[in-house]
Student: 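One structure is given below, represented as structure tokens, and several questions about it will come after.
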Amino acid sequence: MTALCDLSLTALSRALARGEHESSAATEACLARAADTKGLGAYLLIDAEGARRQAAAADLRCRAGQRLGPLDGVPLALKDIFLTAGLKTTCGSRILEDFVAPYDATVVRRLKDAGAVVLGKLSMDEFAMGSSNEHCAFGPAKNPWDPTRVPGGSSGGSAVAVASGSAFAALGTDTGGSIRQPAALCGVVGLKPTYGRVSRYGVIAFASSLDQVGPITKDVSDCALLLETIAGHDPKDSTSAPVLAASATEGLEAGVKGLKLGVPKEYFVAGIDPEVRTAVERAIATYAGLGADIVEVSLPHTEYAIATYYLIATAEASSNLARYDGVRFGLRRDPGRGVRDMYLQTRARGFGPEVKRRIVLGTYVLSAGYYEAYYDRAQKVRTLIRRDFAAAFAKADLLVTPTSPTPAFRLGARLADPLQMYLADIFTVGCNLAGIPGLSLPCGFANDGMPIGLQLLGPAWSEATLTRAGRAYEREHDWSRRRPPLARP
Ligand code: GLN
């Protein structure tokens, strides 16, 4: 028997609509699962009382025949980077440890307006900087398939909660892979939408030319549903685009016959784990069997993607994080020796080592004398990377790649070597640099039982094609229906 919290979001939604289950029961099931899996560290904050209240209200609406839509009564959770009125938002940092925002992020508002139940706030790398969730100031989250391994990052808590059934879905953010990589490492689905598709109003900024908000879900259908709820123009975010993109829920089951799938040859080189390679090659063969045309494409500037990303992302981060000065938000350390000392003490105490490393790097690449050599050049290479993708999409509708070069690595394995950690992002950062959407979905398991992720990339505003192609593959396998052992009742 499947426990209630192991249903997919779509299955729960249908059951709620038919009156077979109540939101209150689904919410209790998630809270109980969160308590049972507390050791995985998915949640930084659980708002049990608020969630129960919202669930009771959803049940009343449902009984009165006034259900608001498919998300009404569905218990969800949020990466702790989204501002929530009345609930702490720490961004995984000591500097915001006690920060309570005065308003909800637009995406949070949209979920609440749709009747979703907000269970709480999820663990993440500090300020979303990391690929393992180990840079969270409040302890790492752990992979539910093997708690001695990382769940990926920076939206690690989001992937852990969804994979272990303590939330039906979660929202994450993705600047260089932070939705797709943890989704891949935890065996769930994650989508980074097109830059501008989802509002970032009320989302704590890391690197503003790269950041996007997106869903982490148990399967592709859930992903399409959640995307539809959060996407769309927001007058409060000047970078959100007034574009009416195709619906991701309509045509979801239409298959991939005749779709051209490009395989970038630069993504299948040395360094990729052989089991990851085999799983992705099998997925490509499955697509061919489903009637897709497989073509080889080239993204010649791939080897520069990591360097380009870590120059631009750190430059933007150093500027975005200047606002945490002890004056306006969160922590203040003021020994009374003047304002300069207060800034120093606050930032020295409030930021962790990875955040400091990035601020120093970013400040350096923007400084007089180095700006042209680093930041300016990185922007030029970014244009070349964008053009690589444009040329590839002239030959193919979508690209198929691995999400991460390896399955989940052991906790601690890369902590002492930042470069090694940055290399986990090799296949994901190009998508952010180009502003295009990317979907990660499970495509198998390594011999040691760890999940492997498949990445689909598409041109701007092609989310509907991505989810359609993802769904076509998902129908062929039960990867998305497998749950980690800890989550079994
Ligand atoms: N792992 C990448 C980094 O550390 C990406 C993070 C993200 O997407 N937020 O910057």
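Every value quoted in this text rests on a predicted model; they were computed, and no experiment measured them. Whatever order the structure lists ligands and atoms in, that order sets their numbers, starting from 1.
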Student: Please could you name the atoms of ligand 1 that Asp174 approaches to less than 4.0 Å, counting only its heavy atoms?
Tutor: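 Those atoms are 8 (O).
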Student: Pull out every atom of ligand 1 sitting under 4.0 Å from any heavy atom of Gly176, numbered as shown with elements.
Tutor: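 Under 4.0 Å from Gly176, ligand 1 has these atoms: 5 (C), 7 (C), 8 (O).
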Student: Got the closest protein heavy atom to atom 10 (O) of ligand 1, with its distance?
Tutor: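 Checking every protein heavy atom, the shortest distance to atom 10 (O) of ligand 1 gives Tyr309 OH, 2.6 Å.
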Student: Are any of the N/O atoms on Ala128, whether in the backbone or the side chain, positioned under 3.5 angstrom from an N/O atom of ligand 1?
Tutor: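 Yes; the residue has a nitrogen or oxygen that sits under 3.5 Å from a nitrogen or oxygen of the ligand.
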Student: Check the side chains of Asp80 and Thr90 for a donor-acceptor pair under 3.5 angstrom, ignoring hydrogens and angles.
Tutor: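 Short answer, yes.
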Student: Ligand 1 versus Tyr422, non-hydrogen atoms closer than 4.0 Å: side chain, backbone, both, neither?
Tutor: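 Looking at Tyr422 and ligand 1, no heavy atom falls under 4.0 Å.
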Student: Is Lys121 positioned over the aromatic face of Phe82, cation under 6.0 angstrom from the ring centre and no more than 45 degrees off axis?
Tutor: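 No; the conditions do not both hold, so Lys121 does not lie above the ring face of Phe82.
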Student: With a heavy-atom distance limit of 4.0 Å, tell me whether Arg358 approaches ligand 1 through its side chain, its backbone, both, or neither.
Tutor: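 For Arg358, the contact with ligand 1 is made by the side chain alone.
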Student: Heavy-atom distances under 4.0 Å are what count here, so tell me which part of Ser154 touches ligand 1: side chain, backbone, both or neither.
Tutor: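 Side chain only; the backbone of Ser154 stays clear of ligand 1.
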Student: Between Ser178 (side chain) and Thr175 (backbone), is there a donor-acceptor pair under 3.5 Å?
Tutor: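 Not confirmed, Ser178 side chain does not pair with Thr175 backbone.
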Student: Do you see a donor-acceptor pair shorter than 3.5 Å between the side chains of Ser132 and Arg414?
Tutor: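 No pair is found: no donor N or O on one side chain lies under 3.5 Å from an acceptor on the other.
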Student: I'd like to check whether Asp425 has a polar contact with ligand 1, where a contact means an N/O of the residue lying under 3.5 Å from an N/O of the ligand.
Tutor: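 Yes; the residue has a nitrogen or oxygen that sits under 3.5 Å from a nitrogen or oxygen of the ligand.
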Student: When you measure from atom 3 (C) of ligand 1 to every protein heavy atom, which one gives the shortest distance, and what is it?
Tutor: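 It is Tyr310 OH, 3.3 Å.
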Student: Gln181 and Ser404: side-chain donor and acceptor closer than 3.5 Å?
Tutor: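 No, Ser404 and Gln181 have no side-chain donor paired with an acceptor closer than 3.5 Å.
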Student: Can you see whether Asp234 engages Ser240 through a side-chain donor-acceptor pair at a distance of less than 3.5 angstrom?
Tutor: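 Note: Asp234 and Ser240 side chains miss the donor-acceptor criterion.
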Student: If only side-chain N and O atoms count, and only distance matters, is there a donor-acceptor pair under 3.5 Å linking Asn447 with Glu275?
Tutor: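 Checked: Glu275/Asn447 side chains pair up, N/O donor to acceptor below 3.5 Å.
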Student: Any chance the side chains of Arg382 and Ser209 put a donor and an acceptor closer than 3.5 Å?
Tutor: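 Arg382 vs Ser209: donor-acceptor pair found between side chains.
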Student: Quick check: does Gly130 get an N/O under 3.5 Å from an N/O on ligand 1?
Tutor: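 Such a contact does occur with ligand 1.
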Student: Any nitrogen or oxygen of Gly153 lying under 3.5 Å from a nitrogen or oxygen in ligand 1? Just yes or no.
Tutor: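 No, there is no polar N/O contact under 3.5 Å.
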Student: Any chance CZ of Phe138 has more than 12 other-residue heavy atoms, nucleotides or ligands included, within less than 6.0 Å?
Tutor: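 Counting other residues, nucleotides and ligands, CZ of Phe138 exceeds 12 neighbours.
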Student: If we set the cut-off at 4.0 Å for heavy atoms, which region of Thr175 has an atom near ligand 1: side chain, backbone, both, or neither?
Tutor: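 For Thr175, the contact with ligand 1 is made by both the backbone and the side chain.
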Student: List the closest protein heavy-atom neighbour of atom 6 (C) of ligand 1: residue, atom name, distance to the nearest 0.1 Å.
Tutor: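 Here the closest protein heavy atom is Ser178 OG, 2.8 Å.
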Student: Check ligand 1 against Phe206 and write out every atom of the ligand that is under 4.0 Å from a heavy-atom position of the residue.
Tutor: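 Reading through ligand 1 atom by atom, the close ones are 9 (N), 10 (O).
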